[in-house]
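Here is the naming used below: chain letters follow the sequence lines, and residue numbers restart at 1 for every chain.
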Amino acid sequence: MLGVCYYPEHWDENRWETDARRMVELGISYVRIGEFAWSRLEPARGQFTFDWLDRAMDVLHGAGLRIVLGTPTATPPKWLVDECPDILPYDEQGRVRGFGSRRHYTFSSETWWRESARIVEMLARRYGTHPGLAGWQTDNEYGCHDSSLSWGPEDLRAFRDWLRRRYQSTDQLNEAWGAVFWSMEVTGFDQVALPTGTVTEPNPAQRLDFWRFHSDQIAAYDRMQCDILRAHSPGRWITHNFMGFVSDFDHFKVAENLDLASWDSYPIGFVEKFPFSEAERNRWAETSHPDIAPWHHDLYRGVGRGRFWVMEQQPGPVNWAAWNPVPKPGMVRLWSWEALAHGAEVVSYFRWRQAPFAQEQFHAGLNLPHSDELSPGGAEAAQVARERAALPTLPATTRGQVAFVFDYPSYWATMIQPQGRDFRYEELVFRWYEAFRRLGLNVDVVAPGAPLLGYALVVVPTMLQVSEPAQKALAEAEGLVLIGPRAGSRDRHFAIPQGLPPGPLAALTGTRVTQVASLRPGLSQGVTGAVSGAVARWRDHAEAVGAEVLARFDDGGPALTRKGRVHSLMGWPEEGLLGQVAAHMAGAAGLRTLALPPQIRLRRRGDWWFFFNYGPGEWSLPEGFDLLLGSATVPPQGLTIARSWT
Amino acid sequence: MLGVCYYPEHWDENRWETDARRMVELGISYVRIGEFAWSRLEPARGQFTFDWLDRAMDVLHGAGLRIVLGTPTATPPKWLVDECPDILPYDEQGRVRGFGSRRHYTFSSETWWRESARIVEMLARRYGTHPGLAGWQTDNEYGCHDSSLSWGPEDLRAFRDWLRRRYQSTDQLNEAWGAVFWSMEVTGFDQVALPTGTVTEPNPAQRLDFWRFHSDQIAAYDRMQCDILRAHSPGRWITHNFMGFVSDFDHFKVAENLDLASWDSYPIGFVEKFPFSEAERNRWAETSHPDIAPWHHDLYRGVGRGRFWVMEQQPGPVNWAAWNPVPKPGMVRLWSWEALAHGAEVVSYFRWRQAPFAQEQFHAGLNLPHSDELSPGGAEAAQVARERAALPTLPATTRGQVAFVFDYPSYWATMIQPQGRDFRYEELVFRWYEAFRRLGLNVDVVAPGAPLLGYALVVVPTMLQVSEPAQKALAEAEGLVLIGPRAGSRDRHFAIPQGLPPGPLAALTGTRVTQVASLRPGLSQGVTGAVSGAVARWRDHAEAVGAEVLARFDDGGPALTRKGRVHSLMGWPEEGLLGQVAAHMAGAAGLRTLALPPQIRLRRRGDWWFFFNYGPGEWSLPEGFDLLLGSATVPPQGLTIARSWT
Amino acid sequence: MLGVCYYPEHWDENRWETDARRMVELGISYVRIGEFAWSRLEPARGQFTFDWLDRAMDVLHGAGLRIVLGTPTATPPKWLVDECPDILPYDEQGRVRGFGSRRHYTFSSETWWRESARIVEMLARRYGTHPGLAGWQTDNEYGCHDSSLSWGPEDLRAFRDWLRRRYQSTDQLNEAWGAVFWSMEVTGFDQVALPTGTVTEPNPAQRLDFWRFHSDQIAAYDRMQCDILRAHSPGRWITHNFMGFVSDFDHFKVAENLDLASWDSYPIGFVEKFPFSEAERNRWAETSHPDIAPWHHDLYRGVGRGRFWVMEQQPGPVNWAAWNPVPKPGMVRLWSWEALAHGAEVVSYFRWRQAPFAQEQFHAGLNLPHSDELSPGGAEAAQVARERAALPTLPATTRGQVAFVFDYPSYWATMIQPQGRDFRYEELVFRWYEAFRRLGLNVDVVAPGAPLLGYALVVVPTMLQVSEPAQKALAEAEGLVLIGPRAGSRDRHFAIPQGLPPGPLAALTGTRVTQVASLRPGLSQGVTGAVSGAVARWRDHAEAVGAEVLARFDDGGPALTRKGRVHSLMGWPEEGLLGQVAAHMAGAAGLRTLALPPQIRLRRRGDWWFFFNYGPGEWSLPEGFDLLLGSATVPPQGLTIARSWT
Ligand SMILES: [Zn+2]
Ligand SMILES: [Zn+2]
Ligand SMILES: [Zn+2]
């Protein structure tokens, strides 16, 4: 189903009726509102002006729309900031991050928790049982604009409290951090400082704890909002709209509080954000890379325990990337269908009408600024609605062939200790995902420790710290397992494990890593054997202790090993090796694959096959399909939905 | 005529006589002094030590020189800074910018206005009627070293006052800024913050107002100095020496106070400052690009309403660019003649003698450090003086064939909202200027709203906000008009205009822009029709509503349109398209053009034709000229002055 | 002899005996301890816990090891920082650099001097006569992590005091700094500010004084520690471990206090730090460039007046560079032998065992983390010990053929005034060093003003300020002298000298420099004559006044001149010209040279010739050698020691 984000407070009230009617006509079922409206709901402390929102909800509900109401905590108003400056966040250089945009609060501020609870409760009480209300969105895009971590006095206070609870004594803290090194020991928790502003790099264990602390805080803050909403709004679901490529906190943990996950999909903006090469950026500038949105769909389906929305779908050019081209004709339709193919319950466009003022003037909407005239993206959304209505109900999403274990703490840990400047966890994961998607496989993304039963293949691009549940899940996996470099290289205190890496995975992998090399761009190390090519960026110098060596480096060291079901790859694979290992693993796992060209992707939902063409150039389906939508030759920026005979 | 900048306070008093005599012998008529001498004029509060300046002026005047006296406000002395730290400016990160170089004050400080008025009045009273005094220079290079904008407490106070005057009520301010977006509304002017230090980008309308506020302040500050000078120095003119490529404030507004404009010409230093490609930088490193100085001459002739000087002319290598080569032999002469060809009343070299100490040790002068020996640049200046004396009086400067409308607020607006990282207003204007100069045309630069009568062609590279006078002037233009992308894309509150861009120009252009695309380097969009080539960086997706389409993009969208006299180009032209459009417009305007190679430029002053060769390689004049200076074959770094037979 | 760095406080006490025994078995004679242990020696003020160190020293001594004890001042503990925050340093932006890593103190703090003296005296009294104690190391790596200069209130206070002593009156200070320029004059020393945070660049003379002030402070601080140690530890030597490529203070001055110099050799990490091209970085990533470690050996042999150690030798991959590859097999052995060939008395590896925790987890040791198992580097160290034991005693190091005058103030001066962005003193020196080493010559590095008798050739890559002793030493040199661009271009007050550069060298060189050019990458100026090629980056425009011109620029200006023994080169030579000038000078000096390929280096110690092969590819010795170690064909990453027949 389709939705849209709408800001009644941005428009004359006499336009609301028309807007609501035209939404329904276009085929929209859900409308998200309210998440930035605090200054209009409470223009001064205790002076609530809910009347306009009452009327807006009635108009929308009256037109037949289901409402998603956002809590407005992403934008505390100026009077509140002036009254309580202790809610403001600080950057890593210790400068306050002030009022004037959004997300100007720290999760560490007790004042902020109190004020958040107050406004959320006001809204929950007033609208919790509104007949038009379908569900809630908490806040907006936690972590966006680098807002997960804060470095102010409130953060230091809260961090010390968190450490007190975690370690009980400074002896244990000193031990955990290896603080004897460089005389970093403390004798009281009040001696702990923020891990910043040091002469050279701060203690990595302290940095990791600081990241964990913030991740914990975000989950707790969201739970606080959920608890209030649930108390006053029976029967309504709650979600949060996560932002793509924000991994500073553990989304799986936050989602434990939620009924479903949602995410904000800006496929073209993300092309500038992800570390693609310049050639790739030019290649995909006007269509997006064909795995960017799908990766997030699969991730948030996992985060949402099977249920997710796209809460904000890019409907045309945006305003915030380094360059913002107009998407090629057809892409808004393609992205929408891709979300549905991956199991999205709702695709909700951001936003109904382009704002003529303020920071997002250049951000397209379904309608042109000022007007009731559909934009090109709006026209494509209408087409999706028509196509959707003409088709039978989509079949249920089923388990993928391949499971990816995605581990947020590995992102933090490699940010803290890249060791080679280009070791980026998200990039490593993405390249593996791309490789398996190029084989036409469906991928599920799961949390470390989640059961891995039923998958033919499990991919762990890396996982620096391996908890007991994560180790157990891998040991009990039924399919093949592929484990990448640096796995198990740190214990829970962020130290090198006893017995050397891969630590708790050693029994499974039959390997031991004695040295590691990070390789500057231009350096690589050749691999030959069952697979061949080269690794770049990273190499584990390992020994096989029980494992069979399937491929070796030029100097004879193990490159790909196997012990039972478990394969280990001792480096960051260059493109050729990456493809070979993916094919090798899929073959060994007995999976039927389809070698797709770079611009084509397949996603299966039940017995429907969705083929997407990111162009340029046509592409013809293999034999053996009944067409449901589109033709056997998929045009550029087009898609075909089909059922397989086989 | 020639001038020179001189610092008597830098040299033993017994050298002054010789210096003055040698200036006159070299052919110098004007000498600028005093603009950095505050600590020598008032070494402690109220202790004035004018005697040395009395003597210096008498020596210079006695030698036959005319004196330009600078007010010393660019360098407040340390005792004043220590006494009144509220005069100091702050950078955008909120760090104070302290004593130790120059321009260490903010235009927002009331203390600073008072202290400025005090020292200016002291000087005006003492020297205002000195017989050697020709005129005044206010301050020095407003805006140099990013000193236009300041971000301190005094600036916040003054900004709030400015907003109070502009908007009267916070309701109007909130409306103008679209502050309902992200709950940015304020309920009192004291709630307004500086547009910096926000979590993500601040409100663009607020940023633009902050820029306007500073621009207004600079104009008012300069007017304050002018008012005092005029009161005490009857019959003397006043100028300010603007710095090249500083566009943070509106020079046209400042010049309203002035009798004539002047600017500081560092052709080689600017090659490193302007966003040329590396290939271009290498090509022009030792000669400068042939349009850098001319552009500024034409700009400041416009700013000065026909009257301008070069107050500081580069006489050799300088000290402040990333690299500082020695200019090729002949360039100092060439630059001097080019200034005269463009109508400069005086070319004044910076400086008489290279300083052996302090920040500008590496900055050449007309004389070598310590000595009375001419530098190579000094010898070329002497040659210019001899050549000038041997020629008849230069004819008067006449109106150019082409008018360029230069709009400082468009620079601010595109800095605030580039939307594509490489959309730089100054670069766009410069590339158009280069294209028309390559056709041998004379260009005048005019302010938005100035009458455009008498020009065969008017070029508006862009103008984001179109005021009523600017609209009216374009409507009343007699020649053809060429309007670039983004024109009319913002209303006076920096919002997208009703009816979409080009807003108030729509009736003239017959177009409507529904979407815009910024294109990353490597992307471009092909154009064919009356002109062909490609646009890069930017494309307006437009519709013709009344206009004829002369060229189209590959997808069929209008690229170049015409309605009556008014042409619109829907993008940033790549080099090929740029040249074609310039030639097309000149042809349609009936202008006689001369296709010049990259290193040759022509400037006509009255019936004199000046040909400049930036090298390498000789170049021969077309037939049909009587030579006034130089030969029919212009050598590299040479020039020829001729009268046309025709 | 071999040594190792050891941290007993990092390991269970019951491992010490085994560690000590295994060190001796490996062939280690010296063990350095204690330099980061303050928090374990004094966990709270006045609570000393020396017992563990007593026991550790006894264990090590008992095993037959000689101990080097470090003063722990590089890591003041948290309780001290909290109690005395005035010891903390500030960065150039005025932000405090806090606790949490190391080197968090400023040399300007009187509190810090008092606290340093207190802990040093405690250690000196307790261990000064310990029978196992061989000598002392003061602090650790002065200047590492940009810690030489500090910009806080204590620094300002101390800087003013230093200026008072240097200049006596502000008149003299104003004169020295040329403060009349831009009204920078002060009327009291309390008006002097730090040379930072100005609107444009601060006064260069002030900046140079600020650098000199810090250099003086570091030498005085080290002397303070030495005085205490000498008072309580008779008969023990004192060293400091300098860090490679740290030139912010004058190492010659610090070493005046020391009995011998030592330095910390990280050949691979330095490849990322030195401004090599990307191609060179890739070429040498896994072996290091063949002149990086040798340059430092020769420098510190000079600094140590003939005596030096490698205090920390890289034993495998490190943790702190942008990329950290595993060194190629053989390199740890090669580096060790190279140090011995250059005269190192001891090569001490950092560290005994890889730390599993804290900031240096990725830093290899001679043993793997947690274990008693040698790492690959540990095995190579053992090989060096065996080889060393099997050979006769090394002959004494003798005077080199070529002297390089290395001038720390020229580094500061060109950092302050690069004039061209890529004028880097260390790079210029290094390229000359490389050129002469490629000729197979032994190089000694000497301080400016040190006698230059006995050298066939003296190289002065540049020396901006030439003191009387430096001028005298050059005048009295017996061999040829080669002087580079910018020499003598500043007087002692950092002004252009009377009579123009090369100032006090003019009588020796017979030249005068009237203009200088810095050349952007891509520009160069051709040279022909006795040598040919081109200069890039920099050209002195000079006149020969008494000198013979051996080569000229394309425009006729002198490029290489000679007056008697003294040659001057008027630019930064590109690779071709560099090699020609080096060969020309060596030939003219009558030196027998050997043209070595890029990967081969020779070092002679007495009559032993050491050939090192940095690979790839074998290399065969010329005829005429008796082999002492290795073979006539040197394998990649191998070495051969031989005696010449001739
Ligand atoms: Zn969003
Ligand atoms: Zn100037
Ligand atoms: Zn070290």
Side-chain angles (χ1 to χ4, degrees), chain B residues 7 9-10 36-41 43-44 72 74-79 82 89 93 95-104 144-147 272 278-279 281-282 285-286 316-317 319-326 329 354-362 364 368-371 373 375-376, chain C residues 93-95 174-188 190-206 417-423 489-491 493-501 514-523 525 537-539 541 555:
Chain B
Y7 299 92
E9 69 272 28
H10 291 181
F36 296 127
W38 195 334
S39 76
R40 285 289 165 102
L41 297 172
T75 50
K78 189 56 168 25
W79 61 261
D82 285 351
Q93 275 69 47
R95 292 174 300 207
V96 71
R97 304 179 78 187
F99 180 85
S101 62
R102 55 179 181 173
R103 305 215 56 70
H104 40 283
C144 198
H145 319 304
D146 278 322
S147 64
E272 293 292 338
E278 283 300 286
R281 285 203 176 128
N282 283 327
E286 296 168 299
N319 63 300
W320 48 264
W323 286 274
N324 300 288
V326 171
Q354 186 170 349
F357 45 69
Q359 279 91 329
E360 293 181 350
Q361 292 174 31
F362 278 112
L368 297 176
H370 299 293
S371 84
E373 182 181 344
S375 68
Chain C
Q93 275 69 46
R95 292 175 299 208
N174 288 329
E175 176 72 22
W177 289 2
V180 62
F181 191 88
W182 291 352
S183 280
M184 291 181 293
E185 292 163 308
V186 293
T187 53
D190 284 344
Q191 286 183 358
V192 173
L194 295 171
T196 186
T198 46
V199 174
T200 183
E201 54 165 336
N203 187 305
Q206 181 185 8
Q417 270 187 345
Q419 179 65 0
R421 195 169 278 170
D422 49 7
F423 197 104
S489 62
R490 291 291 176 270
D491 70 15
H493 290 318
F494 210 53
I496 298 174
Q498 290 285 345
L500 302 182
T514 55
Q515 292 193 107
V516 299
S518 56
L519 304 170
R520 65 190 334 279
L523 293 196
Q525 305 205 347
R537 304 196 196 198
W538 190 275
R539 174 181 167 188
H541 286 250
D555 63 9

*Asks:* So what's closer than 4.5 Å to chain B heavy atoms on C:Glu175: side chain, backbone, both or neither?
*Replies:* neither
*Asks:* Is there a donor-acceptor pair under 3.5 Å between the side chain of C:Ser518 and the backbone N or O of B:Asn324?
*Replies:* yes
*Asks:* Do you know which of B:Pro325, B:Pro76, B:Ser101 has the most heavy-atom pairs with chain C at a distance under 4.5 angstrom?
*Replies:* B:Ser101
*Asks:* Do you know which of B:Pro329, B:Pro43, B:Ser39 has the most heavy-atom pairs with chain C at a distance under 4.5 angstrom?
*Replies:* B:Ser39
*Asks:* When you measure from the side chain of C:Asn174 to the backbone of C:Val180, do you find a donor-acceptor pair of N or O atoms at a distance under 3.5 Å?
*Replies:* no
*Asks:* Please report the shortest heavy-atom distance between B:Ala358 and C:Gly178, naming the atom on each side.
*Replies:* CB-O, 3.9 Å
*Asks:* Would you kindly say whether B:Gln359 and B:Arg102 are connected by a side-chain donor-acceptor distance under 3.5 Å?
*Replies:* no
*Asks:* Out of B:Pro317, B:Ala364, B:Ala322, which one racks up the most heavy-atom pairs below 4.5 Å with chain C?
*Replies:* B:Ala322
*Asks:* Sort B:Trp320 into side chain, backbone, both or neither according to what part of it lies under 4.5 angstrom from a heavy atom of chain C.
*Replies:* neither
*Asks:* Under the 3.5 angstrom rule, does the side chain of B:Glu9 hit a backbone N or O of B:Phe36 as a donor-acceptor pair?
*Replies:* no
*Asks:* Counting only non-hydrogen atoms closer than 4.5 Å, does B:Pro72 touch chain C with its backbone (N, CA, C, O), its side chain (CB onward), both, or neither?
*Replies:* neither
*Asks:* Heavy-atom distances under 4.5 Å only: say whether C:Thr514 touches chain B with side chain, backbone, both or neither.
*Replies:* both
*Asks:* Measuring heavy-atom distances to chain B, does C:Leu500 have an atom under 4.5 Å in its side chain, in its backbone, in both, or in neither?
*Replies:* side chain
*Asks:* Does any heavy atom of chain C fall under 4.5 Å from the side chain of B:Arg103, the backbone, both, or neither of them?
*Replies:* both
*Asks:* Answer with side chain, backbone, both or neither: which region of C:Asp555 has an atom nearer than 4.5 Å to a non-hydrogen atom of chain B?
*Replies:* neither
*Asks:* How close do C:Met184 and B:Gly100 get, heavy atom to heavy atom, and via which atoms?
*Replies:* SD-O, 3.2 Å
*Asks:* Can you tell which part of C:His493 gets under 4.5 Å to a heavy atom of chain B, answering side chain, backbone, both or neither?
*Replies:* neither
*Asks:* Which atom pair, heavy atoms only, marks the closest approach of C:Ser489 to C:Pro497?
*Replies:* O-CD, 3.3 Å
*Asks:* Identify the heavy atoms of B:Lys78 and C:Glu185 that sit nearest to each other, and give their distance.
*Replies:* CB-O, 4.1 Å
*Asks:* Looking only at heavy atoms and a cut-off of under 4.5 Å, which of B:Leu41, B:Leu368, B:Asp146, B:Val96 has the most pairs with chain C?
*Replies:* B:Leu368
*Asks:* Could you look at C:Trp177 and say if it's the side chain, the backbone, both or neither that has a heavy atom under 4.5 Å from chain B?
*Replies:* backbone
*Asks:* Write down the atom of B:Gln361, the atom of C:Arg490, and the distance for their closest heavy-atom approach.
*Replies:* OE1-NE, 2.6 Å
*Asks:* Looking at chain C, which one of B:Phe357, B:Trp38, B:Phe362 has the largest number of heavy-atom pairs inside 4.5 Å, strictly under?
*Replies:* B:Phe362
*Asks:* Counting heavy-atom pairs under 4.5 Å with chain B, which one of C:Gln419, C:Gln515, C:Arg421 comes out on top?
*Replies:* C:Gln419
*Asks:* Taking the side chain as every heavy atom from C-beta outward, state whether C:His541 and C:Val516 have any pair of such atoms under 4.5 Å apart.
*Replies:* no
*Asks:* Where on C:Arg539 is there a heavy atom nearer than 4.5 Å to chain B: the side chain, the backbone, both, or neither?
*Replies:* neither
*Asks:* Measure distances from B:Ala279 to the heavy atoms of chain C and classify the residue's part below 4.5 Å as side chain, backbone, both or neither.
*Replies:* neither
*Asks:* Does any backbone or side-chain atom of C:Pro195 lie under 4.5 Å from a heavy atom of chain B? Answer side chain, backbone, both or neither.
*Replies:* neither
*Asks:* Side chain, backbone, both or neither: which part of B:Gln93 has an atom under 4.5 Å from a heavy atom of chain C?
*Replies:* neither
*Asks:* Which residues pass the ring pair (Phe, Tyr, Trp, His ring centres under 6.0 Å) test with B:Trp323, sequence neighbours left out?
*Replies:* none
*Asks:* For B:Asn282, is it the side chain, the backbone, both or neither that has a heavy atom under 4.5 Å from a heavy atom of chain C?
*Replies:* both
*Asks:* In chain order, what residues pass the ring pair (Phe, Tyr, Trp, His ring centres under 6.0 Å) check against B:His370, with sequence neighbours excluded?
*Replies:* none
